Amino acid sequence: MAGKKVIITGVPGVGKTTVINTAMEKIAAEGTPYQNINFGSFMFEVAAAEGLVQDRDQMRKLDRTVQKRLQKLAAEKIAAIDGNVIIDTHASVKTPNGYLAGLPEWVITAIMPDVLVLVETDNDQILVRRLSDESRVRDMEGAKSIAEHQEMNRAFAASYAMLTGCTVKIIVNADFLLDKAVEDLTATLR
Ligand code: AP5
């Protein structure tokens, strides 16, 4: 299918949605349109319709098999979308029973991304951002635990590159340096 497929990942609260939204405006102004697809929203639509959850933060607590079914349904819908696409999702999801691959083989090979982006920043900055974001029900965890999740995401990203031949781009979204992260992502989208 025509178009560039860019998957954007990062631990909750790293600011990936903020970076994506600003980069989308810049790239559209340059005349390169992208559709912004939120993988979690596709999953949530089905989960809410089935009465499984009331909000998106409950999804990562669902039974593993249910989460996998929701992932598959989302992947099938997303794979059918034509043109330049940004997919806002997770390299891995921290569930009560361990890390769940956000893009297992049957998901990543359905999408076949050109690039997989990891948005990262300092663990303490993520902790503070989570504490200040009252719109979400964030899992409370310390900086060490956030560090482990960011490390795990790099490992998952490498396996996705092995399965699809996509490149892996690391973008740092540091405090006071949102503009730099946006410029890095815009350059990746061009
Ligand atoms: P999702 O919708 O991706 O939610 P999330 O992980 O909580 O991510 P957010 O978009 O809310 O946070 P963000 O990191 O983008 O931060 P934000 O820009 O808001 O996923 C929801 C659920 O769907 C998941 O929990 C999971 O259950 C499920 N799901 C999704 N994909 C899945 C998959 N593939 N497989 C299985 N399940 C899946 O920013 C946070 C804060 O930081 C804001 O206050 C912002 O103002 C601030 N900020 C941002 N940048 C900066 C900066 N540079 N300096 C200072 N502050 C900043």
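These figures come from a predicted structure and were not determined experimentally. Order of appearance sets the numbers: ligands from 1, and atoms from 1 within every ligand.
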Among T22, N21, T18, the one residue meeting side-chain contact (heavy atoms from CB on, under 4.5 Å) with V182 | T22
Q71 side chain to G102 backbone, donor-acceptor under 3.5 Å | yes
Answer yes or no: does an N/O atom from R60 fall short of 3.5 Å to an N/O atom of ligand 1?
-> yes
Would you mind checking if R190 and E183 are paired as a salt bridge, meaning a charged N to carboxylate O distance below 4.0 Å?
-> yes
Got a protein heavy atom sitting under 4.0 Å from atom 43 (C) of ligand 1?
-> no
Minimum-distance protein heavy atom relative to atom 12 (O) of ligand 1 | R138 NH2, 3.5 Å
Look at atom 46 (O) of ligand 1 and say which protein heavy atom is nearest, naming residue and atom and giving the distance to 0.1 Å.
-> T18 OG1, 4.4 Å
Would you say S159's side chain and F156's backbone share a donor-acceptor pair under 3.5 angstrom?
-> yes
Check: I37 main-chain N/O paired with S41 side-chain donor or acceptor under 3.5 Å = no
Just which atoms of ligand 1 are under 4.0 Å from any heavy atom in P12?
-> 6 (O), 7 (O), 14 (O)
The single option from T9, T89, D88, N173 that satisfies side chain to side chain donor-acceptor pair (under 3.5 Å) with K16 is D88
Looking only at side chains, do S145 and K94 share a donor and an acceptor under 3.5 Å apart?
-> yes
At under 4.0 Å between heavy atoms, which part of Q71 makes contact with ligand 1: side chain, backbone, both or neither?
-> side chain
Does the E45 side chain pair with the main chain of A74, one donor and one acceptor, at a distance under 3.5 Å?
-> no
For atom 26 (C) of ligand 1, state which one of N38, V93, N21 supplies the nearest heavy atom.
-> V93
Looking only at N/O atoms, are D57 and ligand 1 under 3.5 Å apart anywhere?
-> no
Which one of K72, M59, R130, R129 has a non-hydrogen atom at the shortest distance from atom 51 (C) of ligand 1?
-> R129
So is F39 polar-close to ligand 1, meaning N/O to N/O under 3.5 Å?
-> no
Backbone of T188 reached by a side-chain donor or acceptor of K4 within 3.5 Å | yes
Side chains of D63 and T65, donor plus acceptor under 3.5 Å | yes
Would you say L100 and ligand 1 have an N/O pair spaced under 3.5 Å apart?
-> no
Specify the protein heavy atom at minimum distance from atom 50 (N) of ligand 1: its residue, its atom name, and the distance to 0.1 Å.
-> N173 ND2, 3.0 Å
Near D175, which atoms of ligand 1 are under 4.0 Å from a heavy atom of that residue?
-> 54 (N), 55 (C)
What do you reckon, does R56 have a nitrogen or oxygen under 3.5 Å from a nitrogen or oxygen of ligand 1?
-> yes
Just jot down the ligand 1 atoms closer than 4.0 angstrom to any heavy atom of L178, in number order.
-> 53 (N)
Short N/O distance, under 3.5 Å, between M43 and ligand 1?
-> no
Is there a nitrogen or oxygen of G13 sitting under 3.5 Å from a nitrogen or oxygen of ligand 1?
-> yes
Should the pair R130-D133 be classified as a salt bridge under the 4.0 Å nitrogen-to-oxygen rule?
-> no
With a 4.0 Å cut-off on heavy atoms, is A74 touching ligand 1?
-> no
Just by distance, do the side chain of H149 and the backbone of S92 share a donor-acceptor pair under 3.5 Å?
-> yes
Note: S132, heavy atoms under 4.0 Å from ligand 1, region reported as neither
Looking only at distance, does G15 have an N or O less than 3.5 Å from an N or O of ligand 1?
-> yes
Heavy-atom proximity to atom 33 (C) of ligand 1 ranks first, among D88, V19, T89, for T89
Closest protein heavy atom (residue, atom, distance) for atom 8 (O) of ligand 1 = K16 NZ, 3.5 Å
Before accepting this row, confirm whether a basic side-chain N of the pair K26/E30 lies closer than 4.0 Å to the acidic partner's carboxylate O.
-> no
Is a side-chain N or O of Q58 found less than 3.5 angstrom from the main chain of V53, in a donor-acceptor match?
-> no
Element-labelled atoms of ligand 1 that are located less than 4.0 Å from some non-hydrogen atom of V11 = 14 (O)
Among protein heavy atoms, which sits nearest to atom 11 (O) of ligand 1, and what does the distance come to when rounded to 0.1 Å?
-> R136 NH1, 2.5 Å
Among Q58, K94, H90, closest by any non-hydrogen atom to atom 30 (C) of ligand 1 = H90
Provide, to 0.1 Å, the distance between atom 10 (O) of ligand 1 and the closest protein heavy atom, together with that atom's residue and name.
-> T17 OG1, 2.5 Å
Do T167 side-chain atoms and L116 backbone N/O form a donor-acceptor pair below 3.5 Å?
-> no
